Each structure stands twice: as C-alpha cells, then as structure tokens.
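Take a look at the structure below.
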Amino acid sequence: MIVLGIETSCDETGVAVVEDERVRANVLASQTDLHARFGGVVPELASRQHLISLNILLGQALDDAGIALSDIDGVAVTTGPGLIGALLVGVAAAKGFAAVLDVPLIGVNHLEAHVEAAFIEHAGLETPLVALIVSGGHTIIALVPERGRFEVLGQTIDDAAGEAFDKIARYIGLGFPGGPEIDRLAAQGNPAAYAFPRAKMNDPDYDFSYSGLKTAVIRWIREQQETGKDIDGADLAASFQEAVVDVQVAKTMRAAEERGVKTVIIAGGVAANSRLRARMRADGEKRGIDVVSPSPLLCTDNGAMIAAVGVRKLAAGDRTPLDVSASPNLALGA
Ligand code: KG4
Ligand code: ZN
C-alpha cells in the first residue's frame, strides 16, 4: 500500500511517500528563512509559500521514491490543527490528487501524526503507552491505549513549550525558530547556573504552564542588565531549558507510573531537543520505563508522519469525504 502524505499546517511544506512500514521519500521545504525576519510565522506568507513549494516537492518525492503518480493508493493530508490558510493549501491539493487519481483521501490529525512518527522507526512499539507531545503550538500528555487512540491527560494552560523556546530565543536575540538555537547554545552552559521557576511541577494534575517561566526569565535578564551584571548566554540558555525539561520529565514519568505503562513516547518539534531526550531516557532507565522518540528529523513537521497515519487508516478502511474542510482547532483524538 503506497500512500502520499502532505503536510502544510504551519511553516514546513512536507511531502512523503510511505509504502506500508517503509518511508520511500520524505522531502521538506522549510520556510524558516522567509519568516525569520518577522521573528515568527506570518500566516499569509506561509500559505503562499506552501502553494509554490507543493508541486515541486511532489515531483521530488515521486523521483526519490521511484514511483509514478499512478502507483499511489491513497492521499493523506493534515486537516488540522494548524493555520487555516496553510492547511487549506494542502487539503485542496490532496483533494485534487485524490480525485484525479481516483484513490481515497485520508484526513490526518497533525498531533496524532507526531505520535505516529515514533512508530515509523520502532515497528514493534507496544501500547498502552504515554505520549508527551511538545511542539510550537501544543504541549500535551496523552494516554495511548492503542495506536491511533488518545486520552488527553493534561496540557498547557497557556504557552506551548516550543513557543516558550521561541519567545526566549527571540528576546535574547537568537534566530527563529529559537528551539534549535537554544539547544545548541545550552550545550555549552551550566543548567544549574540560574534558578528559574518550574511551574506546576509538583501539582497533582498533568497540566503545564510556561508563561510564568517566560516572564521570570525576561524579568531576570532586565535586572541583570539594570545592575550592570554580566549574563552568560550559554548558562542562561541551559538554565531556561532545564526548567522546561524538568517539568516535562517529572510529569510524563508520573503519568506513566500512575497509569501503569512501561513505554513513553516523546514527539513533536521540541522532542528534537537533545537535553529533553537525554534526561527523559536517563530518568526512564531508572524507573524501568522505555523512552522512545522519533529521530530529530521526524520530530519536527514532516510529510512521512502524515503518510504513516494514512497507511494505517487506509488499511483500516477509513476514508475522508472529498468535501472535508480544514479544522484549525482540531483536538487530539477527535
Ligand atoms: O512540531 P513542530 O515542527 O511544529 C508544530 O507543530 O508546532 O514544532 C516546532 C517547534 C518550534 O517551537 C521549535 O522552536 C521547536 O519545535 N524545536 C525545538 C527544537 N527543535 C525544534 N525546541 C527545542 N529544542 C530543539 N532542538
Ligand atoms: Zn507539528
């Protein structure tokens, strides 16, 4: 079964070809440079760029996979959540391909696809498990009783984890997106240099809050500047990152233990963070919990994760009507 996957929910255009469990092509056009000078994603520019990139990527994906359009058995596309205009570009294109090729259309939830990415490289992954989904727009802990089913246990009550990374990076003059920049800078810093708040870390719920951390870091920087004290950028990045990671590790592991599961998936763009990956693995080892994460390129947005959900849903007989629309606020498990 060969499925074409299309991802255009935010600022990465992704097109992939997945055949059963195998990724045959996975190409990406990042719009980072386009949005960088605005310090964040400009929705109108994102839509327009998806439109420009999609056909080029489709040609590349077919070439890489060594297949013709007529070999495709289904077209999977992100229908949400995401930016409405950006989503619509992908959804319209996918409908067109599905109609012309006379193959099923499969609408895919972007958040579900982030979790699915872990299954691409870990075929034997067993459920139930707990998934931490950390991206630019979401921070969610979910129980996954079986592949493709989700019970949301908790989520951020304000900023998403990636958003916190991006905002702090922007404040200290690093590039966009800020997560990878902070990750790099933090590698040379001391995570215990400065003490920043770990909001909700010991609360009994599974929710997160990052806006207080952001404010605390910004206030602290201003104080240092006003009193003429030097700030070590690497120490700052490492200390901020540690505050984010500490809460994520504590809450995810507690969810796994309280729900009695032995496997944790960390997924989404922030799961590419080297410190989060290392800390989660180390903590999991101590507790006898297996920590699985997609390789960094499959953590950030990509078409392969969309196609992978498509393959599973196509096999299960799922079909999406051609009049489906984009759902910018689509919830996990919806
Ligand atoms: O999943 P994703 O590619 O797009 C969304 O669905 O939002 O996630 C993008 C987010 C951005 O906020 C970016 O800064 C963050 O993931 N990110 C990272 C790293 N790589 C990407 N955050 C921390 N460390 C990283 N290495
Ligand atoms: Zn994403």
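Both ligands and their constituent atoms are indexed starting at 1 by order of listing. For clarity, every value in this text was computed on a predicted model and none was experimentally measured.
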In terms of atom number and element, which parts of ligand 1 are under 4.0 angstrom from non-hydrogen atoms of [X]?
X	answer
Thr300	3 (O), 21 (C)
Ser135	1 (O), 5 (C), 6 (O), 7 (O), 8 (O)
Gly137	7 (O)
Gly162	12 (O)

Look at the aromatic rings of His110 and His114 and report parallel, tilted or perpendicular, splitting at 30° and 60°.
-> perpendicular

Please state whether the rings of Phe196 and Trp220 are parallel, tilted or perpendicular, taking 30° and 60° as the class boundaries.
->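 Phe196 and Trp220: perpendicular rings.
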
His114 near ligand 1 by a heavy-atom separation under 4.0 Å |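 In this structure, His114 qualifies as a contact of ligand 1 - some heavy atom is under 4.0 Å.
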
Applying a strict 4.0 Å limit to heavy atoms, is Cys10 in contact with ligand 1?
->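 For ligand 1, residue contact (heavy atoms, under 4.0 Å) with Cys10 is absent.
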
What part of Glu12, side chain, backbone, both or neither, has a heavy atom within less than 4.0 angstrom of ligand 1?
->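 No part of Glu12 comes within reach of ligand 1.
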
For [atom], which protein heavy atom lies nearest, and how many Å away is it?
atom	answer
atom 2 (P) of ligand 1	Asp301 OD1, 3.3 Å
atom 22 (N) of ligand 1	Gly179 CA, 3.3 Å
atom 12 (O) of ligand 1	Asp166 OD2, 2.7 Å
atom 24 (N) of ligand 1	Asn273 ND2, 3.0 Å
atom 17 (N) of ligand 1	Gly269 O, 3.5 Å
atom 26 (N) of ligand 1	Asp183 OD2, 2.9 Å
atom 10 (C) of ligand 1	Gly136 N, 3.5 Å

What distance do [X] atom [atom1] and [Y] atom [atom2] have between them, rounded to the nearest 0.5 Å?
X	Y	atom1	atom2	answer
Arg149	Leu332	CZ	CG	12.0 Å
Ser47	Leu87	OG	CG	9.0 Å
Thr13	Ile56	OG1	CD1	9.5 Å

Taking the six-membered ring for Trp and the full ring for Phe, Tyr or His, determine whether the centres of Phe240 and Phe165 are under 6.0 Å apart.
->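 Yes - the distance between ring centres of Phe240 and Phe165 falls below the 6.0 Å cut-off.
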
State whether the shortest distance between N or O atoms of Phe165 and N or O atoms of ligand 1 falls below 3.5 angstrom.
->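 In fact, backbone or side chain, Phe165 has no N or O that close.
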
Identify, by name, the N, O or S atom of [X] lying closest to the Zn ion (ligand 2).
X	answer
His110	NE2
Asp301	OD1
His114	NE2

Positive for side-chain contact (heavy atoms from CB on, under 4.5 Å) with Leu62, one of Leu57, Val15, Asp71, Ile67 | Ile67

Glu181: which of Ile172, Leu174, Asp166 passes side-chain contact (heavy atoms from CB on, under 4.5 Å) |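 Result for side-chain contact (heavy atoms from CB on, under 4.5 Å) with Glu181: Leu174.
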
How about [X]: does its [atom1] atom have over 12 heavy atoms from other parts shown lying under 6.0 Å from it?
X	atom1	result
Glu285	CD	no
Glu121	CD	yes
Arg170	CZ	no

Below 2.8 Å, any N, O or S contact between His138 and the Zn ion (ligand 2)?
-> no

Which of these, Arg277, His110, Glu163, has its nearest heavy atom closest to atom 6 (O) of ligand 1?
-> His110

So, do Leu132 and Val264 sit near enough that their side-chain heavy atoms are less than 4.5 Å apart?
-> no

